[in-house]
Structure formats: C-alpha cells, structure tokens
Amino acid sequence: MRLPSSLKFVSASLHPAFAMRGMPQFASDIARTIGRAAKRARAGGDLDRPQRLMLDSPAEEVARALDGCREVALDVETPRDDHTDIKLLGIAPAQPWAFDAACLPWGESARNFAKNLVTDSRIVKVGHNFAFDQAAFRANGIEPEWPVYDTIQAAA
C-alpha cells in the first residue's frame, strides 16, 4: 500500500486527551512532540512556530478550520472494555493548515463532524490501525469512505 506523498513523518505522542482530562501539565509536552514531528516533516518554513492546537473548540469551529483540506490524520479513543464507545476524536491536517491538531470530546456535534469528514471520498484519511477506528465508527452509524491509508500496514 502506498501512503500519500504528503505524509513524511509519523510520531507517537501522548494523546491530547491527557491534557483535557485534568492533566494540563501534559499540554506543553504534547505540543512539543507535535512540533518535533512537524519540524522533521517540513522542508523549510518557520520550524519554530508555536503549534496551533484546538483542544477546547466546538466541532463546528474545527470543521470550519478544516474547510478545503483534502488530507487528514484521524484517531479515536475508546475505553479498554468497550472499543465501540468513542470518547474522543483526534484530527490533524496532513499539510500545513489553519491548525496542527484538534481533539473533540465525542457527542452529537463531534459525531456529525466525523460523519461528514470520514464519508467524504474527496478527503484522504490517514490513521494508525484504522481497522480499529473503522469498527468504532461503524458502531456509531458511520461508514468510512475510501481513500483510507493505514500506517500500521506501512509499519509492517
């Protein structure tokens, strides 16, 4: 499987959920890790700019900020004992955009946003172990449309 040419680097980081769940001390570490990944991925430009994170923004605001974006990385967070109960949705544009990463608590507006995003066949979706995310989306009435690229396959 070929990954999108715009995907240059994959980085593991603490999920922004840690900063949103009463542990704000992790916010700077998360931003720094995202910044390091961005630095490695970019070929020029302002490498030391602050990272633009949307951690408390409504889904509608994130949707407006993504308008016109055609490649996104996605991740869902679920409890260990129920892999269909989405708690958080993480989104990052694959190229420089209005923000670097967003995290949405799951609810009706996040579900509607996710449905519009993952069912749009004009948008390339990138995820790690996307089969897991796909099962969670399906359990929530959302059938992802291709193109979808799974970085776990690239890691193999």
Side-chain angles (χ1 to χ4, degrees), residues 1-20 26-78 86-106 109-138 140 142-156:
M1 172 195 298
R2 295 187 58 208
L3 292 171
S5 61
S6 61
L7 184 66
K8 305 292 183 203
F9 190 83
V10 176
S11 173
S13 171
L14 290 171
H15 194 282
F18 285 100
M20 294 175 66
F26 286 124
S28 63
D29 292 332
I30 294 166
R32 188 170 30 261
T33 300
I34 293 170
R36 287 178 182 155
K39 226 180 238 195
R40 297 282 306 268
R42 271 196 286 275
D46 182 7
L47 300 181
D48 293 315
R49 71 169 172 73
Q51 298 308 296
R52 300 160 299 178
L53 304 178
M54 297 179 79
L55 299 180
D56 297 315
S57 303
E60 298 79 14
E61 186 178 334
V62 175
R64 281 192 300 276
L66 271 179
D67 188 42
C69 184
R70 293 292 170 239
E71 292 180 321
V72 297
L74 299 168
D75 188 31
V76 298
E77 294 299 320
T78 63
I86 299 173
K87 297 296 186 187
L88 294 167
L89 173 66
I91 310 107
Q95 63 271 6
W97 209 256
F99 64 92
D100 295 298
C103 188
L104 298 173
W106 195 252
S109 62
R111 185 193 167 289
N112 291 336
F113 165 75
K115 184 172 186 173
N116 291 333
L117 184 70
V118 302
T119 61
D120 189 336
S121 61
R122 298 169 299 166
I123 298 175
V124 174
K125 282 72 69 177
V126 178
H128 187 73
N129 193 11
F130 196 81
F132 177 91
D133 298 48
Q134 184 174 7
F137 283 133
R138 283 180 174 158
N140 283 270
I142 301 170
E143 181 63 43
E145 292 283 333
W146 302 98
V148 173
Y149 293 94
D150 193 336
T151 59
I152 203 167
Q153 294 175 355

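We count residues from 1, following the sequence as given.
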Show the nearest heavy-atom pair for residues [X] and [Y], with the distance to one decimal.
X: Ala131; Y: Asp150; value: N-OD2, 3.8 Å
X: Thr119; Y: Glu143; value: CG2-O, 3.4 Å
X: Pro105; Y: Leu88; value: CA-CD2, 3.7 Å
X: Ala110; Y: Leu89; value: O-CD2, 4.4 Å

Compare all side-chain heavy atoms of [X] with those of [Y] and state whether any distance is below 4.5 angstrom.
X: Glu71; Y: Lys125; result: no
X: Leu117; Y: Leu74; result: yes
X: Trp97; Y: Val72; result: no
X: Leu66; Y: Pro93; result: yes
X: Phe113; Y: Glu60; result: no

So, taking the atom named [atom1] in [X] and the one named [atom2] in [Y], what distance separates them when rounded to the nearest 0.5 Å?
X: Thr151; Y: His128; atom1: OG1; atom2: NE2; answer: 5.0 Å
X: Ile91; Y: Cys103; atom1: CD1; atom2: SG; answer: 7.5 Å
X: Phe132; Y: Thr78; atom1: CZ; atom2: OG1; answer: 3.0 Å

Is it true that a side-chain atom of [X] and a backbone atom of [Y] form a donor plus acceptor pair closer than 3.5 Å?
X: Asp133; Y: Val76; value: yes
X: Asp100; Y: Arg52; value: yes
X: Asp120; Y: Arg122; value: yes

Would you check, one step at a time, whether the test side chain to side chain contact (heavy atoms under 4.5 Å, CB included) holds for Phe130 with Ile152?
-> CA-CA 8 Å; Phe130 196 81; Ile152 203 167; over 6 Å; no
The side chain to side chain contact (heavy atoms under 4.5 Å, CB included) partner of Pro147 among Val126, Ile123, Val124 is Val124
